[in-house]
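Structure first, then comments.
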Amino acid sequence: MRKTYIYCFVPLFVFFLSGAAGADDGLQPAVFKQQAPVDRVSLDIKGMDIVDVLKMLAARSDMNLVIDKNVAGRVTVFLKDVHPKDALDVVLASNNLVAKTDSGITRIMTGQDYEQAFGVKFYDAKELRRIPLMYAKPQDLISVLNQVKSSIGVILADDTTNSIILYDTKEKNGQLAKMAEDMDAPLKAQAFKLNYAKAETVASALLDVVTKNIAQVKADNRTNQVIVIDYESRMDKIRELVASLDERTKEVRIEARIIQINLTDKTSFGIDWEYVLNKKLDIKGVFGQVISTTGNKWTIGTAAPKEANDYKAVIEALKTVGRTKILSSPRLTVTNNESAKILVGSKQVYVTTSAVQSQTTTETAESVNFVDVGVKLFVTPNISHDGFISMKVRPEVSSVVQNYQTASGNIIPIVETSEAETTVLVEDGSTIVIGGLMKDEKIKTVNKIPLLGDIPFLGALFRNTIEDIKKTELVIFLTCHILDFKKVEK
């Protein structure tokens, strides 16, 4: 952006400009060598002839001016970095002059000549008002006031006197002046120490509350503080928002119980939950949200808080379906909207080999890798304001079905995985039931005669091997409790 700075203290500056300052033949056209137009100008003028000022503005902008013979007066104005057309409006208004633009040519005349030519007073529509400021900076207020001024209004900043110049309708000027007086108040700085929330998160939320274009919000990540500079009248609302954002995060305690059930031939397609719940236990409705009951499908259900203890009876009833075994009973506490993981199984290790070949030698490197095998459970709770928990659950069951041997002799396990993902809405204290986690295990049984069955080669005559497939189903019970830690007043 190009700027020009013009400092004139005596009328002799006219000599610097080409062209005569006045003529006696009616209109005085400002005809002189045109300079390159600029976007902004600064004027520091005291007692300069207005015709010379108008010529100067025409020379430094793209305006074509025609000056009437009755245009006369002296100009004293201090403007910094303003648009040439805005500067022209201020100069004309301060000398009761008006501008009438037609076909790209602007005619400068007195207000009386305008009224005689057009029958109305030009300044009935707009007035000039200067508002001195005590605390605020003019540029800060202009960015706000420009959003309120009318389409014909102009607002300028006078940094020398720390004031703003309003050139708008009388009604708008009154509204703008009232806004400027309200915003011309001392600013207050306050630092908010945060206990639980992150400074960057709180600072981002405060941007919608503080005074636009006036306030400052900074986040100090080192001390986890937010520094706010704004009007005192806004601080109460800012404190309330910071207090609501800096609340201690609620937590959810999850009591899990993972049970493995060996299925028989009668239950090879999975547990019949309809039979277990309604006929075997006669507790219909306790797990009313059970989705699937038979087949190799996932089963999700919930128990109400007052009936949550009935899941122990369900465990006893499952013993009639097949031999049960409690694999794990973990308890964990997870923060709201954070993820937790439960693993019941083992880490299978395998080795991979990589070769790095140079021009003369080839080097090999071994890398040890691990893969989780067993029962994995991922949970992410979300606590609502009405006491319910939206629980995102992702169970996964995996096992090694066989091994793959690479050309270099490395053994890599092939893992078979079964998983699903769902979101369940439960009440505080409710129990979530996940079933249908079925898998097949190959069991090899060797029967042999002691000593004789261990003889190399001949021992095969005294032993036999039986391979069997054992079908199992995993049932997971998750009981959720909200832990609400309230702040203790000191």
Side-chain angles (χ1 to χ4, degrees), residues 249-261 263 269-274 277 286-305 308 311 314 318 326-348 370-384 386-401 413-441 471-482:
T249 307
K250 294 182 179 180
E251 297 177 336
V252 177
R253 186 179 73 240
I254 301 175
E255 300 175 359
R257 182 159 294 189
I258 303 175
I259 301 175
Q260 177 180 279
I261 303 171
L263 301 178
F269 290 102
I271 299 173
D272 187 350
W273 289 98
E274 185 76 18
L277 298 179
V286 174
F287 296 91
Q289 297 183 30
V290 175
I291 297 175
S292 61
T293 56
T294 58
N296 190 16
K297 299 180 180 180
W298 297 91
T299 304
I300 306 292
T302 61
Y311 82 86
V314 176
L318 291 176
I326 298 178
L327 299 181
S328 180
S329 299
R331 291 187 179 186
L332 71 158
T333 301
V334 57
T335 305
N336 187 31
N337 290 323
E338 297 293 337
S339 299
K341 175 184 175 181
I342 299 174
L343 171 63
V344 180
S346 61
K347 291 183 177 292
Q348 294 288 328
F370 297 89
V371 59
D372 294 333
V373 177
V375 180
K376 287 184 285 186
L377 182 65
F378 303 88
V379 292
T380 305
N382 181 276
I383 304 172
S384 62
D386 56 359
F388 280 82
I389 307 171
S390 178
M391 184 74 73
K392 185 177 181 180
V393 184
R394 183 166 70 89
E396 177 184 314
V397 178
S398 58
S399 60
V400 178
V401 293
I414 299 177
V415 179
E416 184 180 71
T417 302
S418 177
E419 65 176 271
E421 185 173 332
T422 186
T423 301
V424 183
L425 183 64
V426 297
E427 192 176 354
D428 181 20
S430 299
T431 299
I432 301 174
V433 183
I434 305 173
L437 305 169
M438 302 176 62
K439 66 176 182 178
D440 296 337
E441 291 183 292
K471 297 181 68 70
T472 61
E473 179 173 348
L474 294 178
V475 180
I476 301 175
F477 295 87
L478 300 176
T479 304
C480 309
H481 298 279
I482 298 176

Worksheet item: Can you tell me if NZ on K392 sees more than 12 non-hydrogen neighbours from other groups inside 6.0 Å?
Response: no

Practice prompt. With the side chain counted from C-beta on, respond yes when P395 and V393 share a heavy-atom pair under 4.5 Å apart, and no when they do not.
Written response: yes

Practice prompt. Could you tell me which non-hydrogen atom of V252 sits nearest to which non-hydrogen atom of P381, and how far apart they are?
Written response: CG2-CB, 3.8 Å

Discussion item. Looking at every heavy atom in both L478 and A256, which two are closest together, and how far apart are they?
Written reply: CD2-CB, 3.5 Å

Worksheet item: Between atom CE of M391 and atom OG1 of T423, what is the distance when rounded to the nearest 0.5 Å?
Response: 10.5 Å

Worksheet entry | Test item: I434 and V475 side chains (from C-beta on) under 4.5 Å apart, heavy atoms | no

Worksheet item: If you round to the nearest 0.5 Å, how far is OG of S329 from CD1 of I259?
Response: 7.5 Å

Discussion item. Go through it in stages, so that I can follow the logic: the residues are D428 and H481, the test is side-chain contact (heavy atoms from CB on, under 4.5 Å), and I'd like the CA-CA distance, side-chain angles, deciding distance and then a yes or no.
Written reply: CA-CA 5 Å; D428 181 20; H481 298 279; 4.2 Å; yes

Worksheet item: Nearest 0.5 Å, what's the OG1-CD distance between T431 and E255?
Response: 8.5 Å

Worksheet item: Got I326 and I258 here, is their nearest side-chain heavy-atom distance under 4.5 Å?
Response: no

Practice prompt. Supply the atom-to-atom distance R257 CZ to L327 CG, rounded to the nearest 0.5 angstrom.
Written response: 12.0 Å

Could you tabulate the donor-acceptor pairs under 3.5 Å formed by side-chain atoms of residues 332-344, not counting sequence neighbours?
from	atom 1	to	atom 2	distance (Å)
N336	OD1	I383	N	2.8
N337	OD1	N382	ND2	2.3
S339	OG	T380	OG1	2.8
K341	NZ	D372	OD2	3.4

Item to complete: Locate the shortest heavy-atom distance separating I482 from K250; write the atom from each residue and the value.
Response: CG2-CD, 4.4 Å

Worksheet item: How would you list, by chain and number, every residue that makes a salt bridge (charged side-chain N to carboxylate O under 4.0 Å, His left out) with R394, sequence neighbours excluded?
Response: E396, E419

Practice prompt. Take I254 and V379, measure what side-chain contact (heavy atoms from CB on, under 4.5 Å) needs, and give me the verdict at the end.
Written response: CA-CA 9 Å; I254 301 175; V379 292; 3.6 Å; yes

Response to the item:
In this structure, CG of L474 is separated from OG of S328 (nearest 0.5 Å) by 11.5 Å

Item to complete: Hey, could you give me the OG/CZ distance between S430 and F388, rounded to the nearest 0.5 Å?
Response: 7.5 Å

